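On a predicted model such as this, the values are computed, not experimentally measured, just so you know.
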There are 2 protein chains.
Amino acid sequence: MKPTGSNLDAVRRHNLGRILDLVHRQGALSRSVLTRETGLNRSTIAALVAELVARGLVVESNPDTEGVVGRPSPVVSASDTTLILAVNPEFDGVTVAAVTLGGSVVDRLRRGFRSGPSVARVVTETTNLVAELRARLPEGVQIAGIGVAVPALVRASDGMVRLAPRLGWVDAPLAELLAEATGLPVTVDNDASLGARAERYFGAGRGIDDLIYLNGGASGIGGGLVLGGRPIRGAGGYAGEFGHTFGTEGGIALERAVTRDALVAAVAPGADIDDVELERLLGEASASITATQAEVLGRALAGMINIVNPSRVVLGGFLGIIAAREPELLAATVAKFALVPPGEQAEIVRAELGADLLLIGAAEPVIDRLIADPAQIPLRQDLGDEAAPEK
Amino acid sequence: MKPTGSNLDAVRRHNLGRILDLVHRQGALSRSVLTRETGLNRSTIAALVAELVARGLVVESNPDTEGVVGRPSPVVSASDTTLILAVNPEFDGVTVAAVTLGGSVVDRLRRGFRSGPSVARVVTETTNLVAELRARLPEGVQIAGIGVAVPALVRASDGMVRLAPRLGWVDAPLAELLAEATGLPVTVDNDASLGARAERYFGAGRGIDDLIYLNGGASGIGGGLVLGGRPIRGAGGYAGEFGHTFGTEGGIALERAVTRDALVAAVAPGADIDDVELERLLGEASASITATQAEVLGRALAGMINIVNPSRVVLGGFLGIIAAREPELLAATVAKFALVPPGEQAEIVRAELGADLLLIGAAEPVIDRLIADPAQIPLRQDLGDEAAPEK
DNA sequence: CGGAATTGTTGTTTGCGCCACCAAAAAGGG
DNA sequence: CCCTTTTTGGTGGCGCAAACAACAATTCCG
């Protein structure tokens, strides 16, 4: 069965995790703020922070005198000597990046593929890139684990890729294979769900407990759902897979009615351009295509809004371009087809995070594991004069 | 901000609550089972159970020798000396019932109304019924609180009824008024959400983490959503309010296309019959009406299933009758309009709980409060020779 | 009837957060 | 410029909850 009753160890773990969580989400915080925020005693906070420092998870620094009365409180911030490796395999290549506990990408590598890669190919290439990246990292950094964002249906509990149409995979035990190849703990999850998490914590969905996230890419539309402050996967991982829902009455899937290719075809037929270029060209052209697509998108959104009543809808990728170019039309269409109260409560905004979105998201589950038990990172023995050991 | 870090008191509260939770949900459990289930030490369980007994929340009894080796372990079950009062105001009357921690109704009273009642009327009638019911209860029982299930949009955090079309209320601070009038703690929530919880814990949704619940009553269709094991309300409490969603392409709300009145009109026009009678009459008549309604219902369900990917759909009230009479048609319609994978994962079943559904559900939030802090119930002083004091 | 298995019971131990006290560091006021 | 006020860090002792260990009780089985 599930975990259960808590003993004293659990208290320590929970409190360490709570501090790590606050520092991760809100950036640098003074010890006095942590005291207020957690309700714990000053001395307790001091002891907990000391342990996190000893494990290389946070660092303390002197505050810049802020003009407040009283003794200054040391500022606690995420350490950059503990990193997470984020991996994003796609049909045309795989990206590996080093992400800090604070949620920023410090280094990245990419290896392209000519054809759709097999699972084995992705595992070996990823392992190579991981080794390469680790060699480039400064001495003394430790890797907390590997987080993978994959465009597929995933059983997150054990990192099994159930179905990846784009990659042609079925039932690939990706987490297990990568863990074996690299010797590091690995988490695997759906890319859109992870994108939703990233936008929720660090982007356009900050602080929003009920949101729908939709991302439009070259290969289709993916989405993620956050309800009651928690990511929702549904029984089989299909919750929030809005690309396959029906946007029109005729029963055409949304991701076949609203496509990036249609936008590209209208302004630069056949060209291979990125979203920035696409938006620039659309700005110069007439808006009729985005208008048509905005209407279909709006109808589909209305259906979702009626059912889950979110307070915000975040649109990324080329859907973000549509949202930026047709805000009134989109809002009007939603208002027309959604019920009045939920429709009024749902604010439609464009995603804020760009290229790093999936990498930041991919690191999140690893950080979750860290927050659940910070003691999994060994204490650094500063007893001798040697540097802290890696791995 | 939210609660936070945990200290030793929190551990004790959590563990007491965990035991109470297990006993509440799974019925009678032996102390050895509790030990295994919680992972706590035998001696710890003994101490915790002793405290719950002292607070009148559980009782210990001798097990019937089960044919197992080893010393018999005392059975812990919910006490019936601590009760929750469940209240269900409707447009034509208000029901007050006494519910045990085990989730069964032991007594009930109802007062009818001629016309739609004002908030004040409901409060005074409820207060009277509460007093009457308490007078009938045996000596020594204590009331943990009042839980209200109301057909309205509710802000559960403070029990404010935001909008109750059927009752004609707007922004009625029902929890506050009832708490003042009765001197007991009061929780208020939407009736359909509470019904969903009741079915999930004690009915057709037992153990299901992702489910949709829909209930059809004389005044319309209400629903509740449980995702990831938690009730989902959405930003404004509209999540799961499926009655207002569109079941057909023409934009007619589901609860106007699928109605109880249509069924009644087909078999006994104008008659005032209950669901049991209605189902019997339908059994004798032709099935064409239920078939039409099953199709519309199926289309609406398909839309919901595509978005939230539940593993079960529970249908109550007259929708349960439709589900029982047209299982194949309903399943076929869902299969036709839902995507294949989520459609296959969603099992459509009839609700199991009958008339007590809302009352059991209404008690749940009160029990939640009890589980969150069992120490809110005072210790019974058995030091003297007097009985335990009430209130 | 005796051994094995399981669990309740009791007293002791361990570890975590709290508390009280003192010291340190900044702001403000005369 | 010094002194008071305010806020926070640091330290040692304390209380408390759960774990642990040893023993007793109860049942099954041969």
Chemist: Quick check: any donor-acceptor pair below 3.5 Å linking the side-chain of A/S43 to the base of C/dC19?
Modeler: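 Indeed, a donor on one side and an acceptor on the other fall under 3.5 Å apart.
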
Chemist: C/dC19 C1' sits how many Å from A/I45 CD1, rounded?
Modeler: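 Going from A/I45 (CD1) to C/dC19 (C1'), I get 16 Å.
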
Chemist: Taking only side-chain nitrogens and oxygens of A/N15, does any of them come within less than 4.0 Å of OP1 or OP2 of C/dG17?
Modeler: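 Yes, A/N15 has a side-chain N/O under 4.0 Å of OP1/OP2 on C/dG17.
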
Chemist: What are the 5'-most and 3'-most nucleotides of DNA chain D lying under 4.0 Å from any heavy atom of chain A?
Modeler: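 Under 4.0 Å from chain A, the extent on DNA chain D is D/dT6 to D/dA19.
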
Chemist: How many whole angstroms separate atom CG of B/L34 from atom P of C/dT6?
Modeler: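 One finds 18 Å between P of C/dT6 and CG of B/L34, rounded.
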
Chemist: By nearest nucleotide on DNA chain C, pick out whichever of A/A47 and B/A46 is the more 5' one.
Modeler: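 Its nearest nucleotide lies further toward 5', so the answer is B/A46.
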
Chemist: Measure from the side chain of B/P74, starting at C-beta and using heavy atoms only, and say which of C/dC16, C/dC19, C/dG8 lies closest.
Modeler: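 Given the options C/dC16, C/dC19, C/dG8, the side chain of B/P74 is closest to C/dG8.
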
Chemist: Could you tell me whether B/R42 contacts a base, only the sugar-phosphate backbone, or nothing, with contacts defined as non-hydrogen atoms closer than 4.0 Å?
Modeler: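 Base contact.
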
Chemist: Can a donor-acceptor pair be found, under 3.5 Å and without considering hydrogens, that links the side chain of B/H24 to the backbone of B/G102?
Modeler: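 Side chain of B/H24 to backbone of B/G102: no pair is present.
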
Chemist: Between the main-chain N or O of A/L83 and the side-chain N or O of A/Q142, is there a donor-acceptor pair closer than 3.5 Å?
Modeler: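 Between the backbone of A/L83 and the side chain of A/Q142 there is no qualifying donor-acceptor contact (under 3.5 Å).
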
Chemist: Compare side-chain N and O positions of B/R31 against OP1 and OP2 of C/dT9 and report whether any pair is under 4.0 Å apart.
Modeler: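 Answer is yes, contact under 4.0 Å.
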
Chemist: Could you tell me how far apart A/E51 (CD) and C/dC16 (P) are, to the nearest whole angstrom?
Modeler: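 Going from CD in A/E51 over to P in C/dC16 covers 8 Å.
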
Chemist: If you compare all heavy atoms of A/A362 against all heavy atoms of A/T187, which two are closest, and at what distance to 0.1 Å?
Modeler: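 Result for this residue pair: O-OG1, 4.4 Å.
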
Chemist: Between A/T35 and A/R31, is there a donor-acceptor pair closer than 3.5 Å when you use the side chain of the first and the backbone of the second?
Modeler: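 Pair found, side chain donor or acceptor close to backbone of A/R31.
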
Chemist: Which whole-number value in Å describes the distance from A/D9 CG to C/dT13 P?
Modeler: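 So the two atoms are 20 Å apart, to the nearest Å.
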
Chemist: With sequence neighbours excluded, what pairs up with A/Y201 under the ring-ring contact (aromatic ring centres under 6.0 Å, His included) test?
Modeler: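 None.
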
Chemist: Would you mind telling me which residue lines up with the more 5' stretch of DNA chain C, B/S73 or B/G70, judged by nearest nucleotide?
Modeler: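 First, find each residue's nearest nucleotide; the 5'-ward one identifies B/G70.
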
Chemist: Just by distance, do the side chain of A/D189 and the backbone of A/L194 share a donor-acceptor pair under 3.5 Å?
Modeler: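 No, the answer is negative, given that no donor and acceptor are paired below the 3.5 Å cut-off.
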
Chemist: Please collect all side chain to side chain donor-acceptor pair (under 3.5 Å) contacts where either partner lies in residues 365-376 of chain B, sequence neighbours excluded, each pair once.
Modeler: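 Only B/R197-B/D368, B/R369-B/Q376 qualify under side chain to side chain donor-acceptor pair (under 3.5 Å).
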
Chemist: Between atom CG in B/N41 and atom C1' in C/dT12, what is the gap in whole Å?
Modeler: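 Going from CG in B/N41 over to C1' in C/dT12 covers 13 Å.
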
